[in-house]
There are 2 protein chains.
Amino acid sequence: MYPRKSTAVCTETQQRLLEAAGEVFAAQGFQKTTVREICRRARANVAAVNYHFGDKEGLYAAVLEYAHSHALEKYPLLQTEDEDLPAEQRLGTFIRHVIFSLFDEGAPAWRSKLMAREMIEPTAALDAVVARMIRPTAQRLESIVRAILGAAASDAQVRLCQLSIIGQCLHHRHAQPVIQRLFPQQHYGPEEVKLLADHITRFSCNALKGLARGQ
Amino acid sequence: MYPRKSTAVCTETQQRLLEAAGEVFAAQGFQKTTVREICRRARANVAAVNYHFGDKEGLYAAVLEYAHSHALEKYPLLQTEDEDLPAEQRLGTFIRHVIFSLFDEGAPAWRSKLMAREMIEPTAALDAVVARMIRPTAQRLESIVRAILGAAASDAQVRLCQLSIIGQCLHHRHAQPVIQRLFPQQHYGPEEVKLLADHITRFSCNALKGLARGQ
DNA sequence: TTGACATTAAAACAATTGTTTAATACATAT
DNA sequence: ATATGTATTAAACAATTGTTTTAATGTCAA
């Protein structure tokens, strides 16, 4: 079997492999990426993946684990659970969080991109991703939506509204090849991303408040 | 070179290959599907793809062409361009059209699924798909959105609203593996699909009317 | 220094996949 | 009936990819 260091401690090469793999997996998906490209980027030997992580799937799982342990350190979701703030404001914070991490081009930009990809091109690791990363986020959104819709709202309606909101956010990342061809004016720089988050917030707030009025 | 029958006329095997390829491509994507599986399903020899369509990409292009030529025959979009009908009603028709074809489990169910996949896992054929299938649909939606938002709406706002609406629809197909794990209650039978279309219509109508009021 | 152990490196292996070849069957026209 | 061109088949080819093997290198304690 491959080496099982106690935990959390990683050799230099493992670290480089994780970072390189994260980028490539996020950009191309599990199937398309070759371990040879990962190793080339990490300046490691082709056998490094199998030695340190067993096989390609093991590396992928480790990358998700690595992403999870470092998640939320840049965009903490804390403010969204402050029940004292108005729900509309919490919704704006939530949407900004999602949009910003989806379009952050900073160093570990691949994290949320990898999760977004796992959603539409699932692997064996999807169950763990849903349980540990997606479901907690969804529950945050659920409580916000329920607060705006009011106590009269059915579970089904809350669910559909959640999906409407998150669907708007993810569409801008998933459909980017099409959006760029369809709307060349549409850019996703820091300024536009802020406007995008504002739009989705206003769009959804109006929708939720309309539904709350029973329309 | 491979045979270039005049046009439109197809041999029996070509037809079977197109149907089989459409299903598999739509279900698994271009990269994951093997020509061997297509040929097995079509009860054809492994060499059939290369003989009739040149190579795997040629088959894929032919499948898209085939899908395009048979598109809209089941769910015509005609009513959406009747400028006499109220814009809200046209929006409802449009959304129902998109949702129904995305979740139609009938015989040629793979058509819109294939297009949905091409949007998030683009191939060399994406330019043609956008130009011939996606852009016309987007323009329908644009005129509807503009009618509801009013003449004062900016192009950018119209664009963002279009993306919000279509994003809601596509999310339910693209993210289905996650949705099923997150919300096991959520089903997509004929009845639920109708409710889903109604929800997205109401959600979006409320949003657009709110934005039209300047909120 | 020596020995034990973890890591790296080069090469080869085995399986898959898209593609091609060469032979065969079949139809149609001369 | 013969010839011609199309379609199908089985087999093999060539390239890629994940993985394994075997040897070499480095590190650190005894």
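Throughout, a chain's letter reflects where its sequence line sits, starting with A, and its residues are numbered from 1.
- For A/V35, the side-chain atoms get nearest to D/dT19 when compared with the rest of D/dT19, C/dA10, C/dT17.
- Atom CZ of A/F53 and atom P of C/dT7 are 11 Å apart (whole Å).
- Residue B/N45 contributes atom CG, which lies 13 Å from atom C1' of C/dA22 at whole-angstrom precision.
- Look at CD on B/Q31: it is 17 Å from P on C/dT16, rounded to the nearest Å.
- Protein atom CZ of B/F30 is 10 Å distant from nucleotide atom C1' of C/dG18, rounded to whole Å.
- Each of B/A48 and A/K32 was matched to the nucleotide of DNA chain D holding its nearest heavy atom; the match closer to the 5' end belongs to B/A48.
- With hydrogens and angles left out, the side-chain atoms of B/H199 and A/S164 include a donor and acceptor closer than 3.5 Å.
- OP1 or OP2 of D/dT8 has at least one side-chain nitrogen or oxygen of B/T13 nearer than 4.0 Å.
- Of the charged side-chain nitrogens involved, at least one lies within less than 4.0 Å of a carboxylate oxygen, so that A/R132 and A/E65 count as a salt-bridged pair.
- For the pair A/R173 and A/F103, the cation-pi test (distance below 6.0 Å, angle within 45°) is passed.
- Each of A/E105, A/E121, A/E118 was checked for a salt bridge (Lys or Arg N to Asp or Glu O under 4.0 Å) with A/K113, and the lone residue meeting it is A/E105.
- Between B/H52 and D/dT6, a side-chain N or O to OP1/OP2 separation shorter than 4.0 Å is absent.
- Seen from the ring of B/F25, B/R117 does not count as a face-on cation partner, given the 6.0 Å and 45° thresholds.
- If you measure from atom OH of B/Y51 to atom P of D/dT6, you get 7 Å, rounded to the nearest angstrom.
- Minimum atom distance to the side chain of A/K56 is reached by D/dG18, of the listed C/dT20, C/dG18, D/dG18.
- Atom C1' of nucleotide C/dT16 and atom CD of B/E37 are separated by 14 Å, given to the nearest angstrom.
- The interatomic distance linking A/N50 (CG) with D/dG18 (P) rounds to 9 Å, in whole Å.
- Between A/Q28 atom CD and D/dT16 atom P the separation is 16 Å, expressed in whole Å.
- Residue A/A47 is in base contact, counting any heavy-atom pair closer than 4.0 Å across all strands shown.
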